[in-house]
A.B. asks: 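Submitted below is the structure of interest, expressed as structure tokens.
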Number of protein chains: 2
Amino acid sequence: MTTFGARGYNKGPLTEIADQVGMTHAGVLHHFGSKDQLLLEVLRYRDESDVKDLEGQHIPGGVDLFRHLVRTALLNARRAGLVQAYVVLSAESVTEGHPARDWFVERYRTLRREVGEAFRAVCAERGIDEPATVDRAAASILAVMDGLQVQWLLDPEQVDLAESSAFAIEAIVAQVLDPREAL
Amino acid sequence: MTTFGARGYNKGPLTEIADQVGMTHAGVLHHFGSKDQLLLEVLRYRDESDVKDLEGQHIPGGVDLFRHLVRTALLNARRAGLVQAYVVLSAESVTEGHPARDWFVERYRTLRREVGEAFRAVCAERGIDEPATVDRAAASILAVMDGLQVQWLLDPEQVDLAESSAFAIEAIVAQVLDPREAL
DNA sequence: CTTAACTTACTACGCTGTAAGTAACATTGT
DNA sequence: ACAATGTTACTTACAGCGTAGTAAGTTAAG
């Protein structure tokens, strides 16, 4: 994660990764078979340990999911390395034949579904019949979080990741629950 | 742009670029000196020709800038290659020692400033005293456009770039002009 | 006569993946 | 109890490719 995050998958050599665990690059290949496979295992492992972190604690739904996303943005501002890994790898994954492409496609589908469901729950709770904008809003919330991360990594002095994320999420949620035309 | 977009800067070889213009890779280096320099020239050239496109036409300000951004998202849905180049290169640029890093830092600063000014113009026009959220909103609008592009490139069937962008921009503008708390 | 626009040929490096060897440990048969 | 036989976790060494950059030569135009 450290190497792929700092230098990207393509430019992140196995030798650097091997050094970090006190091994030669051939040793790493002994365990993972190929560099592609290592990347997928790293991503899978992150997912697993994220789930473990939430064990016992309920995975929030409804309005709590949005609060959770805001807290995540706040947390992310303290772990640039991990954020950078996701930013770099997700963008790289859109290129031809990238080994993590399918993983990111699936990941975004899952996240959009979860955020979409949270929207539907909130709408139901407040007696709003489900607006057509739910799917767009779900994608937008994930998008704004990702996009802010890029700007923040490039220019941390100028961009406040947590504040901007919170602002944008609030804006989008408000627009779903009670749409207005400003333009 | 085609090669760097499709394969990224790191994995985009000079030979492929040279082939596209019917030349050897040494011919390309004759003109640009190094691969780094070529990338910077490509980016500079894109900027220049964007300015040329707008020549005569006024660069929109105030509320028209937001409409222009929505139209841009619509236009972008028809040019995946260019979009992919920006997505891949901007994310790659956050890595250590990337040749385009400074360029992207500067680019986002400029864009945030322009969007921020548009916000201030609209606020002045409508007699709203400038809210503290302008800067966050400016970053958020750029962020949501970028982030949606990633999701759209990965899964064009599932994500409607134009609609989602329009929705999110509207949401953010509305929240600046007339803030509400939804959470 | 010079300069520009190349090409060919080469160097040199970085990288992934493979093959063969080694040391430690586990398992099994007697 | 102990040898024989894997098996695991590596290392060293190397093959082999892709690639950026360089140097020298070629052709055409000014």
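A note on names: the letters A, B, ... follow the listed sequences, proteins ahead of strands, and every chain is numbered from 1. What's counted below: heavy atoms across the whole structure, side chains too, no hydrogens, waters or symmetry copies.
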A.B. asks: Between D:dA9, C:dG17, C:dC15, which one does the side chain of A:L29 approach most closely?
C.D. replies: C:dG17
A.B. asks: Which pairs, protein N/O on one side and nucleotides 7-9 of chain C N/O on the other, fall under 3.5 Å?
C.D. replies:
from: C:dT7; atom 1: OP2; to: B:T24; atom 2: N; distance (Å): 3.0
from: C:dT7; atom 1: OP2; to: B:T24; atom 2: OG1; distance (Å): 2.7

A.B. asks: Looking at CG of B:N76 and CH2 of B:W152, how far apart are the two atoms once the value is rounded to the nearest 0.5 Å?
C.D. replies: 7.5 Å
A.B. asks: Which residues pass the side chain to side chain contact (heavy atoms under 4.5 Å, CB included) test with A:V88, sequence neighbours left out?
C.D. replies: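 So A:V88 forms a side chain to side chain contact (heavy atoms under 4.5 Å, CB included) with A:Q84, B:V94, B:T95.
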A.B. asks: Checking B:A85 now: which residues fulfil side chain to side chain contact (heavy atoms under 4.5 Å, CB included) with it, not counting sequence neighbours?
C.D. replies: B:M1
A.B. asks: Is the cationic atom of B:K11 (NZ for Lys, CZ for Arg) positioned less than 6.0 Å from the six-membered ring centroid of B:F4 and within 45 degrees of its normal?
C.D. replies: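 The answer is no; the distance or angle limit is not met.
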A.B. asks: Enumerate the salt bridge (Lys or Arg N to Asp or Glu O under 4.0 Å) contacts for residues 79-101 of chain A, please, sequence neighbours excluded, ordered by first and then second residue.
C.D. replies: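 Counting only pairs at least two positions apart or across chains, no salt bridge (Lys or Arg N to Asp or Glu O under 4.0 Å) contact touches residues 79-101 of chain A.
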A.B. asks: Is there a donor in the side chain of B:Q20 and an acceptor in the side chain of B:T3, or the other way round, less than 3.5 Å apart?
C.D. replies: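 Short answer, yes.
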A.B. asks: At a heavy-atom distance below 4.0 Å, what parts of residues 32-45 of chain A sit against DNA chain C?
C.D. replies: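 When residues 32-45 of chain A is checked for heavy atoms under 4.0 Å from DNA chain C, the hits, listed by number, are A:S34, A:K35.
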A.B. asks: State plainly whether the residues A:D47 and A:R44 are in salt-bridge range, i.e. N to O under 4.0 Å.
C.D. replies: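 A:R44 and A:D47: not salt-bridged.
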A.B. asks: Using a strict threshold of under 4.0 Å (side-chain N to carboxylate O), is an ion pair present between A:R113 and A:D135?
C.D. replies: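 No, no charged N to carboxylate O under 4.0 Å.
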A.B. asks: Are A:N10 and B:Y9 close enough that a side-chain donor and a side-chain acceptor fall under 3.5 Å?
C.D. replies: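 Side chains of A:N10 and B:Y9: no pair found under 3.5 Å.
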A.B. asks: Enumerate the residues from residues 8-21 of chain B whose closest heavy atom to DNA chain C is under 4.0 Å, giving them by residue number; use none for an empty result.
C.D. replies: none
A.B. asks: Are more than 12 heavy atoms, taken from residues, nucleotides or ligands other than A:D102, located less than 6.0 Å from that residue's CG atom?
C.D. replies: no
